[in-house]
Amino acid sequence: MSRAAEAVMTDGRVRGGYPARRMSTKSHNKSFQAPKGTRDFYPEELLRRRYIAETWRAVSIRHGFEEIDGPTFEHADLYTVKSGEGILSELFSFRREGGDDLYALRPEFTPTLARMYAARARQLPSPTRWFCIPNFFRAENPQRGRLREFYQWNVDVIGGQEPSADVDVLECGIAALRSCGLIEINCPVHFNDRRYFEGFASEAGVPADKLAALLVLIDGYEKWSEERVSEYLKQHDLDQSTIKKIDESIRQMGPNRPGFEGLSHTINELEQRGIGSWSTVDPHIVRGLAYYTGTVFEVIAEGERAIAGGGRYDNLIELFGGPPTPACGFGMGDVVLSLVLEDRGLMPKGMGELMDAVECVMRSYSMRPDAFVFSNGDAAAEARVVPLMAELRRGVEAPGYQGRPWRPERYAVRPMHVRTTGKSTRNVGKLLKDAASSNARFAVILESGEHATVKDLTTGEEHKDTPIEKIARKIAG
Ligand code: HAM
């Protein structure tokens, strides 16, 4: 008899706390296997996971996001408020032995984030920029790209302006894909705005109270079986002809629908930051989660489930007792990203290369910002702030570089950690204090469309009239 079996016989329980009387021989053997849809991480697999997580962390920090985390389980009600049916049907929920409260293992982070923000809204900066890399649990049918436990990188801006905040999170997500060596044709960002979809739906005669159910269906339409679709239609009193009508209007109108101009602000800003070629308007993207209120997007790699998905959720913070606060963000999963990197030969191979990759990524950023960028209020200078920040964070690739994507030689100028102010004042003295309290090494004060003063905040040394194109090299050293 094995020692584990002996333990079951003598104290009535096995590791994990299952009562011995439930242990048939069959389930006993099963308990020696990892549960369906989970993964064991031996050293090599763990390094692979770490390569992805460290890349996410490096990119988040360079883009001025701060790391947070929350509990692994929450009151199940947190998810019934606004996550939507898809996630509710996949909850792993449980009660404490003898307790009444129903808990659920976290299936996603957004409700936790809204709860955490609402609890401290008054003390937190505006905007608040948070990221996290937790594990999540969904009772899905395991398949390629979908497991029951997975890691997901969340990047969110709470309290930011539209569309800049939407583009802030997109820029950060795209930077991670780029950092792994992916290019835009591998995994473009498809985006849309739910508000325009609501227009299609009301023209097709869908009552407002059916909209949430309809969005879930449109999101699931191509992934679900025929039976599931017809069962859902019956359950929500929707008919197939309405769905067809909406689908047709989407196809006919495409992105040229009058009213889609709202997205042109997002497109302009994506272009200003050098990531326009990564993004495409796709009226079919609506997303399955119930809390989205505006922009929605997915990063789609051909032949795979979405690598990432997100959008704007302007009502959620208020719903959890906070002040009305707009917010947007995305989640990127490790499972699909690993598959895409493996398929394209971009995942480090073997322990040596993995160690090298993790180390290179960890050394590629500093916790202290390299630069704190702002303008003196001159209109042309102000217009250069965002594009310059994007440029500094992206770095300059060495011409003709063909090596592994994580090696520092990839860059002629390394990607940098850059921040800016959340304040509306353009008083240079006040903003220099802001720069100092961010602990940045340099302040970059844009004074016109062409020139800036670069101030070393450690020595106080100033370089006036620095041409904008020379700033990156000056700071990178
Ligand atoms: P989501 O679309 O449910 O969004 O998940 C985002 C990403 O997480 C997916 O694109 C996928 O890569 C990964 N993912 C989801 N479920 C699984 C699974 N069962 N197995 C493996 N990977 C999975 C959300 O979770 C939102 N809370 C994201 C968000 C953050 N929206 C705003 N802020």
Side-chain angles (χ1 to χ4, degrees), residues 51-65 153 155 167-189 269-280 299 301 307-308 332 337-338 340-349 353-354 356-366 369-371 373 384-420 441-442 444 452 454 466-477:
Y51 169 60
I52 288 181
E54 292 300 340
T55 301
W56 286 340
R57 184 167 285 112
V59 169
S60 311
I61 289 169
R62 286 203 290 263
H63 285 75
F65 288 87
W153 176 41
V155 175
V167 181
D168 275 358
V169 297
L170 279 169
E171 184 190 334
C172 188
I174 290 169
L177 301 170
R178 208 195 306 246
S179 175
C180 292
L182 292 165
I183 53 171
E184 45 269 65
I185 46 161
N186 300 149
C187 45
V189 182
E269 192 143 346
L270 288 162
E271 269 160 15
Q272 269 185 32
R273 300 197 203 185
I275 45 177
S277 58
W278 282 79
S279 334
T280 163
V299 178
I307 298 181
M332 183 183 289
L337 181 58
S338 305
V340 173
L341 295 182
E342 300 270 2
D343 281 357
R344 298 186 188 277
L346 291 168
M347 183 63 96
K349 284 190 193 72
E353 200 170 76
L354 277 160
D356 181 38
V358 172
E359 226 170 278
C360 287
V361 175
M362 286 175 69
R363 290 204 183 129
S364 71
Y365 67 93
S366 58
D370 292 294
V373 180
R384 291 299 301 266
V385 172
V386 165
L388 175 66
M389 287 175 61
E391 235 172 274
L392 296 176
R393 285 169 174 161
R394 203 164 45 241
V396 179
E397 298 214 5
Y401 179 74
Q402 297 282 331
R404 308 299 275 155
W406 53 84
R407 298 290 314 164
E409 307 85 82
R410 176 175 171 188
Y411 295 100
V413 179
R414 67 182 167 86
M416 282 179 272
H417 174 178
V418 183
R419 296 202 176 202
T420 189
R441 294 191 303 115
F442 288 92
V444 176
V454 178
T466 306
I468 290 181
E469 61 281 4
K470 299 227 164 113
I471 292 173
R473 281 180 200 275
K474 186 154 254 140
I475 295 170

Asn186 side chain vs Ile183 backbone, donor-acceptor pair below 3.5 Å: yes
Of all heavy-atom pairs linking Tyr401 and Glu409, the shortest is CD1-O, 3.6 Å
Check for a donor-acceptor pair, side chain of Arg410 on one end and backbone N or O of Ser179 on the other, with a separation under 3.5 Å. yes
Gln272 side, atom CD; Arg384 side, atom CZ - distance, nearest 0.5 Å: 10.0 Å
Here the gap from Glu184 atom CD to Ile174 atom CD1, rounded to the nearest 0.5 Å, amounts to 8.5 Å
Within the structure provided, determine whether Trp278 and Glu171 are in side-chain contact (heavy-atom separation under 4.5 Å). no
Is there side-chain contact between Tyr51 and Glu353, with heavy atoms separated by less than 4.5 Å? no
Full working for side chain to side chain contact (heavy atoms under 4.5 Å, CB included) between Leu177 and Met332: CA-CA 10 Å; Leu177 301 170; Met332 183 183 289; 3.8 Å; yes
Would you say the side chain of Pro408 lies within less than 4.5 Å of the side chain of Arg414, judging by non-hydrogen atoms? no
Determine whether Asp370 and Arg393 make a side-chain contact, defined as any pair of heavy atoms from C-beta on separated by less than 4.5 Å. no
How about Val299 and Cys187: do any of their side-chain heavy atoms sit closer than 4.5 Å? yes
What I'd like to find out is whether the side chain of Asp168 reaches to under 4.5 Å of the side chain of His63, using heavy atoms alone. no
Any non-hydrogen side-chain atom of Ile275 less than 4.5 Å from a side-chain atom of Arg178? yes
Taking all non-hydrogen atoms of both residues into account, name the closest pair between Val59 and Cys172 and its distance. CG1-O, 3.3 Å
Below 4.0 angstrom, N of the basic side chain to O of the carboxylate: do Arg57 and Glu54 qualify? yes
Nearest 0.5 Å, what's the CG-OG distance between Leu346 and Ser338? 12.0 Å
Rounded distance (nearest 0.5 Å) linking atom NZ of Lys474 with atom CZ of Phe442: 9.0 Å
Check step by step if side chain to side chain contact (heavy atoms under 4.5 Å, CB included) holds for Thr55 and Cys180. CA-CA 8 Å; Thr55 301; Cys180 292; 3.9 Å; yes
Please confirm whether the backbone N or O of Tyr365 pairs with a side-chain atom of His417, one donor and one acceptor, at under 3.5 Å? no
Return the CG to CD distance between Leu354 and Glu359, rounded to the nearest 0.5 Å. 12.0 Å
Using a 4.5 Å cut-off on heavy atoms from C-beta on, say whether the side chain of Leu392 contacts that of Arg62. no
Nearest heavy-atom contact between Ala371 and Val444 is CB-CG2, 4.3 Å
Measure the spacing between OG of Ser364 and CE of Met416 and express it to the nearest 0.5 Å. 12.5 Å
Trp56 vs Trp153 aromatic rings, parallel, tilted or perpendicular, using cut-offs 30° and 60°? parallel
Under the side chain to side chain contact (heavy atoms under 4.5 Å, CB included) rule, what do Thr420 and Val386 come out as? Steps first, then yes or no, please. CA-CA 9 Å; Thr420 189; Val386 165; over 6 Å; no
Stepwise salt bridge (Lys or Arg N to Asp or Glu O under 4.0 Å) test for Asp356 and Arg404: CA-CA 11 Å; Asp356 181 38; Arg404 308 299 275 155; over 6 Å; no
Stepwise side chain to side chain contact (heavy atoms under 4.5 Å, CB included) check, Val413 with Ile475: CA-CA 10 Å; Val413 179; Ile475 295 170; over 6 Å; no
